[in-house]
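One is the number of the first residue; the rest follow in order along the sequence. Source: prediction; values computed, not measured.
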Amino acid sequence: MNRTATRPAGPARTGRFGLADLRHAMAAPWPAAGLTSEWRLVDGLRTHTRHAAGPTSDAPPVVLVHGLAVSHRYLTPLAVALSTTHPVYVPDLPGFGLTERPQRAYDVRRHAEHLAAWLAAYRLPPVCLLGHSFGAEVAAALAATQPSAVRALVLAGPTSDPAARSRRAQLGRWLMDSAHEAPLQAPVLIRDVWNARPWRVLATLSHSVHNAIEADLVRITAPTLVLTGERDPIAPPRWRDQVTRLVPDANLVLVPGAAHNAATTNPLAVADAIRHLLAPHPALTDR
């Protein structure tokens, strides 16, 4: 059943990303805040993953997939927030962060194939998969083609809105968003763009705006959250509502006061929304 009702993701602390968050985000490959780094050979590429073991319980693993131009780094606050209740994995996609760089920029399908190979390499049970921004396109493609691998799905600030499906329009919306983001995110972005190289960022943006995510959204079977910041210009109201309608079993969650990088600046609210998604449903547990 499709559920389009909006549920706020708790009280927000807009723009919260301080010096401690920055240190933790930039720490890899060194351990920090309970996160460690490891590399595995996945589909021929040495792939970096930031990982927190979480508590010793049966809690399902949560996999966080980063967006365009960035890496595991900016998702560190959310990984730390989730690690108190769940094992968390934050892989760097091919060409980004500390993962090996292939000669060509991957498109959405190729990234989804690599992520599927990554899941197989880690032998994880069905995961809760969160994709942010361009990562939501990758996560949607994986959930549509490998439904048995995905227990639940979070599409956070998904791209790209058909009303702005060009490189120029997306860059314009990114500039609008920058005015509402925490300033200390800038060093993370600079490091990530340097690691990826500007040409790869632009090539990946071209792949993004040519990807019709709608074809994947209608094929998703996992229970899904469409999660956006209330002030996110990259995933504006009309687009986030459309995404929620297209996914067969979806619920829209807004993070009050947050912009595009809600997972970075409001990690506690986002983590709570994910825990709510994964909590046993009373109607099911009573049967």
Side-chain angles (χ1 to χ4, degrees), residues 15 17 21-29 32 35 37 47-51 63-82 88-102 105-108 111-112 114-115 118 129-140 154-160 167 170-171 173-178 180-209 211 227-229 232-235 258-267 270:
F17 185 81
D21 299 307
L22 178 61
R23 286 195 299 270
H24 295 156
M26 303 288 267
L35 299 174
S37 286
T47 301
H48 171 259
T49 301
R50 204 71 168 146
H51 171 54
V63 176
L64 310 180
V65 184
H66 64 79
L68 180 72
V70 283
S71 73
H72 73 275
R73 294 184 179 104
Y74 82 112
L75 292 173
T76 296
L78 179 57
V80 172
L82 285 167
V88 184
Y89 299 81
V90 197
D92 284 333
L93 296 175
F96 296 92
L98 302 180
T99 288
E100 185 179 346
R101 296 190 291 270
Y106 284 6
D107 63 11
V108 171
H111 276 303
H114 186 88
L115 187 58
W118 178 91
L129 184 65
L130 177 144
H132 176 252
S133 199
F134 174 74
E137 297 183 59
V138 176
V154 182
L155 302 174
T159 53
S160 58
R167 294 203 309 186
Q170 286 296 304
L171 288 170
R173 288 189 176 187
W174 176 80
L175 288 172
M176 290 174 57
D177 180 70
S178 298
H180 302 293
E181 295 288 356
L184 281 178
Q185 293 180 86
V188 178
L189 177 61
I190 292 168
R191 172 73 67 83
D192 283 338
V193 171
W194 171 255
N195 284 152
R197 304 295 188 262
W199 72 262
R200 188 183 306 277
V201 174
L202 289 174
T204 305
L205 177 57
S206 293
H207 288 314
S208 173
V209 299
N211 176 56
L227 186 147
T228 71
D232 184 353
I234 296 174
H260 188 58
N261 290 348
T264 304
T265 58
N266 302 83
V270 175

Go through the structure and list residues passing side-chain contact (heavy atoms from CB on, under 4.5 Å) with [X], not counting sequence neighbours.
{"X": "A136", "value": "L155, P158"}
{"X": "L184", "value": "F17, L19, L22"}
{"X": "D107", "value": "R109, R110, H207"}
{"X": "V108", "value": "F134, E137, A141, N211"}

Donor-acceptor side-chain pairing of H48 and S71 below 3.5 angstrom: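 S71 and H48 do not have a side-chain donor-acceptor pair below 3.5 Å.
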
Qualifying salt bridge (Lys or Arg N to Asp or Glu O under 4.0 Å) pairs with a residue from residues 70-81, counting only residues at least two apart or across chains: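 The answer is R73-D192.
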
Exam field: side chain [X] to backbone [Y], donor-acceptor pair closer than 3.5 Å:
{"X": "Y106", "Y": "G95", "result": "no"}
{"X": "S160", "Y": "V209", "result": "no"}
{"X": "H24", "Y": "P77", "result": "no"}

Step-by-step ring-ring contact (aromatic ring centres under 6.0 Å, His included) determination, H260 to H132: CA-CA 9 Å; H260 188 58; H132 176 252; 4.6 Å; yes

Side chain to side chain donor-acceptor pair (under 3.5 Å) partner of Q185, chosen from D21, N261, T265: N261

Within 6.0 angstrom of W199 CH2, more than 12 heavy atoms from elsewhere: yes

Residues forming a salt bridge (charged side-chain N to carboxylate O under 4.0 Å, His left out) with R200, sequence neighbours excluded: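 R200 satisfies salt bridge (charged side-chain N to carboxylate O under 4.0 Å, His left out) with no other residue.
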
